[in-house]
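Notes for the one structure printed next.
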Amino acid sequence: VQLQASGGGLVQTGGSLRLSCAASGRTFSTAAMGWFRQAPGKEREFVAAATNDGRIYYSDSVKGRFTISRDNAAKTVYLQMDSLEPEDTAVYYCATTPKRYVSGTLYYTARPYDYWGQGTQVTVSS
């Protein structure tokens with residue numbers, strides 16, 4: 001299974017970027033697809049996740065500014081990032097798991113995700 005992320009770049013404060021991540025390889029279920037980010041000197045943190053049964057989760061820091069969506073047929077997840085702030089600067093990683101949980105709490109952590117993309121850099125200048 002491979003995850004290919006794209007769409008990162010340099011943007012000014014208040015700008016927008018759209019990240020994409022496509023899953024490929026052997027057929028499997030993408031029960032949840034998510035985005036995490038890691039800023040220099042900080043731990044990797046949850047950003048957003050979307051399940052194939054329509055549930056959506058956001059971290060408090062991006063709620064209202066970022067929108068996650070997915071194309072189940074194409075096994076692709078998107079992250080529309082608006083009103084970007086310098087604090088959003090990080091390497092963004094997409095991840096997926098075939099595990100389905102009734103409670104979405106676990107999707108906020110890295111633990112259930114089995115496959116990770118290579119990361120794409122997002123830099124927001126002030």
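- Looking only at side-chain heavy atoms (C-beta outward), E45 and R37 come within less than 4.5 Å of each other.
- Side-chain contact check for V77 versus I68: some heavy-atom pair is nearer than 4.5 Å.
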**Request:** Tell me, with the steps shown, if E85 and S83 meet side-chain hydrogen bond (donor to acceptor under 3.5 Å, both in side chains).
**Result:** CA-CA 7 Å; E85 304 167 352; S83 302; over 6 Å; no
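- You'll find the side chain of M33 stays beyond 4.5 Å of the side chain of N52, heavy atoms only.
- Taking Ile, Leu, Val, Met, Phe, Trp and Tyr as hydrophobic and joining them when side-chain heavy atoms fall under 4.5 Å apart, one finds Y101 in a cluster with F36, F46, Y57, V91, Y93, L106, Y107, Y108, Y113, W116.
- Residues C21 and W35 are in side-chain contact: their nearest non-hydrogen atoms beyond the backbone lie under 4.5 Å apart.
- Taking the side-chain hydrogen bond (donor to acceptor under 3.5 Å, both in side chains) definition, one finds that S59 meets it with S61, sequence neighbours left out.
- Among residues two or more places apart in sequence or in another chain, the salt bridge (Lys or Arg N to Asp or Glu O under 4.0 Å) test is passed with R70 by none.
- Under a 3.5 Å cut-off, the side chain of T97 and the backbone N or O of P112 do form a donor-acceptor pair.
- The two atoms that bring P86 and S126 nearest to each other are CG-CB, 3.9 Å, heavy atoms only.
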Show me the donor-acceptor pairs within less than 3.5 Å that the side chains of residues 7-19 make with the rest of the protein, sequence neighbours left out.
residue: T13; atom: OG1; partner: S125; partner atom: O; Å: 2.8
residue: S16; atom: OG; partner: D82; partner atom: OD1; Å: 2.7

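- Looking at heavy atoms from C-beta onward, T89 lies out of side-chain contact with V122 at the 4.5 angstrom threshold.
- Not counting sequence neighbours, the partners of Y115 by the side-chain hydrogen bond (donor to acceptor under 3.5 Å, both in side chains) test are R26.
- A distance-only check finds a donor-acceptor pair linking the side chain of T76 to the backbone of A74 [under 3.5 Å].
- With sequence neighbours left out, the salt bridge (Lys or Arg N to Asp or Glu O under 4.0 Å) criterion links E87 to no other residue.
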**Message:** Pair D114, T96 - check side chain to side chain contact (heavy atoms under 4.5 Å, CB included), show working.
**Reply:** CA-CA 6 Å; D114 299 304; T96 188; over 6 Å; no
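- Judged by distance alone, with hydrogens and angles left aside, the side-chain atoms of R55 form no donor-acceptor pair with the main-chain N or O of A32 at under 3.5 Å.
- Listed here is the closest heavy atom pair of A48 and L79: CB-CD1, 4.2 Å.
- Residues M81 and D88 are not in side-chain contact: their nearest non-hydrogen atoms beyond the backbone lie 4.5 Å or more apart.
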**Request:** Could you check Y58 against T67 for side chain to side chain contact (heavy atoms under 4.5 Å, CB included), going step by step and ending with a plain yes or no?
**Result:** CA-CA 9 Å; Y58 294 104; T67 303; 3.8 Å; yes
